[in-house]
K.L.:
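First the structure, then my questions, so here it is.
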Amino acid sequence: MDALALEAKGAKNEGAPAAPAPAPAKPRPKPPKKAKRIVYFELEILDVKTREKLLLLDKVEPTATILDIKSMFHKSNPHWYPARQSLCLDPKGKPLRDEEILQELPVGTTATFYFRDLGAQIAWGTVFLIECIGPLVIYLLFYFRLPLIYAPKYEFTVSKHLVVHIACACHSFHYAKRIMEALFIHRFSHGTMPLRNIFKNCSYYWCSAAWMAYYINHPLYTPPYYGEKQVKAALAIFLFCQLGSFSIHMALRNLKLPGCKIKKIPYPTKNPFTWIFALVSCPNYTYELGSWLGFTLMTQCVPVLFFTVVGFIQMTVWAKGKHRSYLKEFKEYPTLRSPILPFIL
């Protein structure tokens, strides 16, 4: 009887609907995140010479860059635009770079900056154009023997020596190339330079061009000692180095994106003219030196030799500074490289 009753009860349960499953428990909502507290900075800007307080900036965000601080300073002092300002943490310290971030500097939430006026500024591109247009025009004035340069009987006369015309073409090509590079290729690390420097730079380039041109285009100029062979060899050196210089400038341009200030190590590319990067840190100066050595050999002129020697000394100073900068910034920088001359200098 009990077995039959259990079977009957089981049959009834089979026909009955199943009990609904319990609903899953809803997850508890997460408590809202507490907003991070921003620690603002208070900055005091003093004149580096007089220690006079020029501005007090309150509630400066920690992510502000030095350029942002310069812009804030400019709003209070419109005649000191950002390019004219130099800010440092110590009166005798190095100027801070525009891209440096406030919270990454070795300062507390209350900091003192020292301001130095750099004077009126001019764009580097403009400087390059003025420096190069001058020699290009000045040399041609002597080449065409305009009045008041040589004796009246030589006005607008043409030299009988082929080397004079080749030298004019080389000189004009060199400076025309530099102008085109300044307009379309160079990406300058520094946007501006002091306006007063342009007079010094232009005096050097313009006066040197006039000095060279006067003797090379002089009616009494004599060709090189070894004649045509010497001119051809010098021309080959000049053109080779000009192509090398252009190749290096293109490689350096491709190394840096527009507006990017991150420095990278330049390496040789597929272009054979860039293979010198394996031995030299600043091959653009190496090729520039080679170009002027070729021009010196071509013209056999003392003013050209003097200009080449002075230029080599200055480029050596620049190359050594760039080389030290590479070694300081990059631990993996190739140790085989020399600043300007392979294995020598």
K.L.:
What is the ring orientation for H171 with Y175, classed by angle as parallel under 30°, tilted 30 to 60°, or perpendicular over 60°?
P.N.:
tilted
K.L.:
With no hydrogens and no angle check, just 3.5 Å: does a side-chain donor-acceptor pair link Y143 and H165?
P.N.:
yes
K.L.:
Quick check: does any side chain N or O of W275 sit under 3.5 Å from a backbone N or O of P268, one acting as donor and the other as acceptor?
P.N.:
no
K.L.:
Please check if the number of heavy atoms outside F156 that lie under 6.0 Å from its CZ is greater than 12.
P.N.:
yes
K.L.:
May I ask you to check whether T157 and R145 show a side-chain donor-acceptor distance below 3.5 Å?
P.N.:
yes
K.L.:
Can you classify the ring geometry of F238 versus F295 as parallel (below 30°), tilted (30 to 60°) or perpendicular (above 60°)?
P.N.:
tilted
K.L.:
Can you tell me if NZ on K320 sees more than 12 non-hydrogen neighbours from other groups inside 6.0 Å?
P.N.:
no
K.L.:
Checking side-chain polar atoms at under 3.5 Å, does S247 have a donor or acceptor matched by the opposite partner on T274?
P.N.:
no
K.L.:
Hey, does the side chain of Y81 reach the backbone of Q121 with a donor-acceptor pair shorter than 3.5 angstrom?
P.N.:
yes
K.L.:
Just wondering, more than 12 heavy atoms not from Y150 lying within 6.0 Å of its OH?
P.N.:
yes
K.L.:
Evaluate whether atom OH of Y226 has more than 12 neighbouring non-hydrogen atoms of other residues, nucleotides or ligands under 6.0 angstrom away.
P.N.:
no
K.L.:
For the residue pair F307 and Y204, is the inter-centroid distance of their aromatic rings smaller than 6.0 Å?
P.N.:
yes
K.L.:
Under 3.5 Å, side chain of Q85 to main-chain N/O of F115, donor-acceptor pair present?
P.N.:
no
K.L.:
Is the positively charged end of R84 above the ring of F73, judged by distance under 6.0 angstrom from the centroid and angle within 45° of the axis?
P.N.:
no
K.L.:
Would you say R253's side chain and I185's backbone share a donor-acceptor pair under 3.5 angstrom?
P.N.:
yes
K.L.:
With no hydrogens and no angle check, just 3.5 Å: does a side-chain donor-acceptor pair link S291 and Q242?
P.N.:
yes
K.L.:
Using distance alone, with no hydrogens and no angle criterion, decide if E61 and Q103 have a side-chain donor and acceptor under 3.5 Å apart.
P.N.:
no
K.L.:
Within the structure provided, determine whether C132 and H174 are in side-chain contact (heavy-atom separation under 4.5 Å).
P.N.:
no
K.L.:
Does any N or O in the side chain of T269 come within less than 3.5 Å of the main-chain N or O of N271, such that one atom is a donor and the other an acceptor?
P.N.:
yes
K.L.:
Kindly confirm or rule out a cation-pi arrangement of R324 over Y333, judged by NZ or CZ under 6.0 Å from the six-membered ring centre and within 45° of its axis?
P.N.:
no
K.L.:
Is any side-chain heavy atom of I130 closer than 4.5 Å to a side-chain heavy atom of I133?
P.N.:
no
K.L.:
Go through it in stages, so that I can follow the logic: the residues are N217 and Y139, the test is side-chain contact (heavy atoms from CB on, under 4.5 Å), and I'd like the CA-CA distance, side-chain angles, deciding distance and then a yes or no.
P.N.:
CA-CA 9 Å; N217 297 285; Y139 193 99; 3.7 Å; yes
K.L.:
A cation-pi test, strictly: NZ or CZ of K322 under 6.0 Å from the centre of the six-membered ring of Y326 and no more than 45 degrees from its axis. Yes or no?
P.N.:
yes
K.L.:
Is it true that a side-chain atom of T308 and a backbone atom of V304 form a donor plus acceptor pair closer than 3.5 Å?
P.N.:
yes
K.L.:
Looking at Y267, I'd like to know if its OH atom is crowded, meaning that more than 12 non-hydrogen atoms belonging to other residues, nucleotides or ligands lie closer than 6.0 Å.
P.N.:
yes
K.L.:
With a 6.0 Å cut-off on ring centres, are F273 and F240 close enough?
P.N.:
yes
